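Read the structure below first, then the notes.
A, B, ... follow the sequence lines: proteins, then strands. Residue 1 opens every chain. This one's a predicted model, so the numbers in the text were calculated from it and none came from an experiment.
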Number of protein chains: 2
Amino acid sequence: MTIRIVLADDERMVRTALRAILTAEPGLEVVGEAATGAEAVSVVRELAPDVVLMDVRMPEIDGIRATEQILATLPDPPRIVVVTTFENDAYVYEALRAGASGFLLKRADADALVQAVRLVAHSDCLLFPAAVRALATEYGRAKTAPPAWVARLTGRESEVLRLMAAGLTNAEIAGRMGVGPATVKTHVAAVLAKTATRDRTQAVIAAYEAGFMKDV
Amino acid sequence: MTIRIVLADDERMVRTALRAILTAEPGLEVVGEAATGAEAVSVVRELAPDVVLMDVRMPEIDGIRATEQILATLPDPPRIVVVTTFENDAYVYEALRAGASGFLLKRADADALVQAVRLVAHSDCLLFPAAVRALATEYGRAKTAPPAWVARLTGRESEVLRLMAAGLTNAEIAGRMGVGPATVKTHVAAVLAKTATRDRTQAVIAAYEAGFMKDV
DNA sequence: TCCTCCCTCCCCCGTGCGGCGGAGGCGGAT
DNA sequence: ATCCGCCTCCGCCGCACGGGGGAGGGAGGA
């Protein structure tokens, strides 16, 4: 009942290091390696391992496509763990959405690595099931960096934009903020200028796209 | 360097079972138990464990609030793993957002439980860090069911709403759709009626809130 | 067949909106 | 003491917008 592992990483040193760590563990066995995404797909297809440690950034086919292809073409696919250097690697979310079971930082220590592999292999337990994939799916669309204009808005202007995005008219905003309608118009004009939009509707769209309305 | 664990669950049997599994493992030690959320907070504050296994559904204070309080009040808080029966428990997402490090299904086998605890205790590796919390945060807002009006929109009306939400004026929409401006106005009026909004801005807001713009 | 729904387009009318230019006060930076 | 950014407000103007009607044609079901 040993766990059979395939390593996919374009750097030989990484593969060697991972192999050294994993083969030292009883119950774990590295059965194959791949240096590209395409290679990973074919190797996995041949060897049918239990777990694949997959680098995201690889030549030819990246880890995401490889993950997709493996999961799509194999009847009983292995658990795929995405390995990455950066915690906030955008590819990670793509990979999770593609069906990877989890991700692992390259700076993780040997102990954590081994336990992660064991955990994933048995799985059906920790975070991984449908939940994470759903999370990742939803997350993907929200992960755009906030545009520069957000910071340029003055206090009053953000306030006005927020109320615009709540569907209020200028008069209502004026009432809500305790100022005259003319003042609101001034702020609105400033918002339109800074967001590079031509009317309140576009401004509201920009606010939503920018994640400006996160705290609804 | 043993991992000190606190169990929080209102059912004695569950606590007993977990304790039996965990104490059998070398390197793990159950140092305390709690039957309510409030009790969990005070017990954790006293014992400063490394890991807390927290049931979500508990009397008085539920697991989410308890998690919040623990993380808010303690300087060096423990890792909190939420334990639940149902895979799709809505509370799980709340808990993750509150700062829990992961979640665990009650039907997980002993082996997985032990490995999960070990993993979380050392952490900094698998899925848990900022990523999951961000995912959970985003997930929460996207998980609202689409309102009824979405289905009531006719083909042309949805098209118009989509273009409204792209920031186009009626004239532009007319050009884009190859119809007269008057027609667009009719459709817009229909959209406003069906979405129960009074102007295009509110309609666009409704579209965004309804997840109508998911496929941007 | 008739009726209903959808799409298409027309008129008029009031108004909220946004562009333009100007003004005063208040605070911080230089 | 000067300048600049922010907030506050004023007028005027043109226009896109939205409400209220009405009207015709095509598709599909009762």
| Axis bend over the full length of the helix from dT1(C)-dA30(D) to dA29(C)-dT2(D), computed from five pairs that close each end, to 10 degrees | 40°

| query | Is there a donor-acceptor pair under 3.5 Å between the side chain of Thr186(A) and the backbone N or O of Ala182(A)? | reply | yes

| With respect to the side chain of Arg156(A), which nucleotide from dT8(C), dC10(C), dT8(D) is positioned closest? | dT8(D)

| Rounding to a whole Å, what distance do you find between Glu172(A):CD and dC17(C):P? | 8 Å

| task | From the options dC7(D), dC17(C), dA16(D), select the nucleotide whose nearest atom is closest to the side chain of Thr169(B). | result | dA16(D)

| So which of Asp9(A), Ile70(A), Val81(A) actually passes side chain to side chain contact (heavy atoms under 4.5 Å, CB included) with Met54(A)? | Ile70(A)

| field | From dC7(D), dG18(D), dC17(C), nucleotide with atom closest to Arg200(A) side chain | value | dC17(C)

| request: Give the rounded distance in Å between these two atoms: NZ of Lys185(A) and C1' of dC15(D). | output: 12 Å

| query | Are any of Thr186(B)'s side-chain N or O atoms less than 4.0 Å away from OP1 or OP2 of dC9(C)? | reply | no

| Toward the 5' end of DNA chain D, which comes first, Leu192(B) or Gly155(A), by nearest nucleotide? | Gly155(A)

| message | Among dG18(C), dC7(C), dC17(D), which nucleotide has an atom closest to any side-chain atom of Asn170(B)? | response | dC17(D)

Acceptor/donor pairs from residues 168-176 of chain B side chains to any protein atom, 3.5 angstrom cut, sequence neighbours excluded:
| residue | atom | partner | partner atom | Å |
| --- | --- | --- | --- | --- |
| Thr169(B) | OG1 | Glu172(B) | N | 3.2 |
| Asn170(B) | OD1 | Arg200(B) | NH1 | 3.1 |
| Asn170(B) | OD1 | Arg200(B) | NH2 | 3.3 |
| Glu172(B) | OE1 | Arg198(A) | NH2 | 2.4 |
| Glu172(B) | OE1 | Thr169(B) | N | 2.8 |
| Glu172(B) | OE2 | Arg198(A) | NH1 | 3.0 |
| Glu172(B) | OE2 | Arg198(A) | NH2 | 3.0 |

| task | Would you check if the side chain of Glu157(A) reaches a backbone N or O of Val191(A) as a donor-acceptor pair within less than 3.5 Å? | result | no

| Under 4.0 angstrom between Thr154(B) side-chain N/O and dC5(C) OP1 or OP2 | no

| field | Rounded distance in Å - CG (Leu153(B)) to P (dC5(C)) | value | 16 Å

| message | Looking at dT8(D), I'd like to know if its phosphate oxygens (OP1 or OP2) sit under 4.0 Å from a side-chain N or O belonging to His187(A). | response | yes

| Side-chain donor/acceptor of Asp10(B) to backbone N/O of Ala35(B), under 3.5 Å | no

| said: Strictly below 4.0 Å: does Arg198(B) bring a side-chain N or O up to OP1 or OP2 of dG18(D)? | reply: no

| Which part of the nucleic acid does Thr183(B) contact within heavy-atom distance under 4.0 Å: base, sugar-phosphate only, or nothing? | base

| request: Keeping the roles fixed (side chain from Arg45(A), backbone from Ala40(A)), state whether a donor-acceptor pair exists under 3.5 Å. | output: no

| task | Could you tell me whether Glu159(A) and Arg156(A) make a salt bridge, using a distance below 4.0 angstrom between a side-chain N and a carboxylate O? | result | yes

| For Asp199(A) and Ala182(B), take the nucleotide of DNA chain C holding the closest heavy atom to each; which residue's nucleotide lies nearer the 5' end? | Ala182(B)

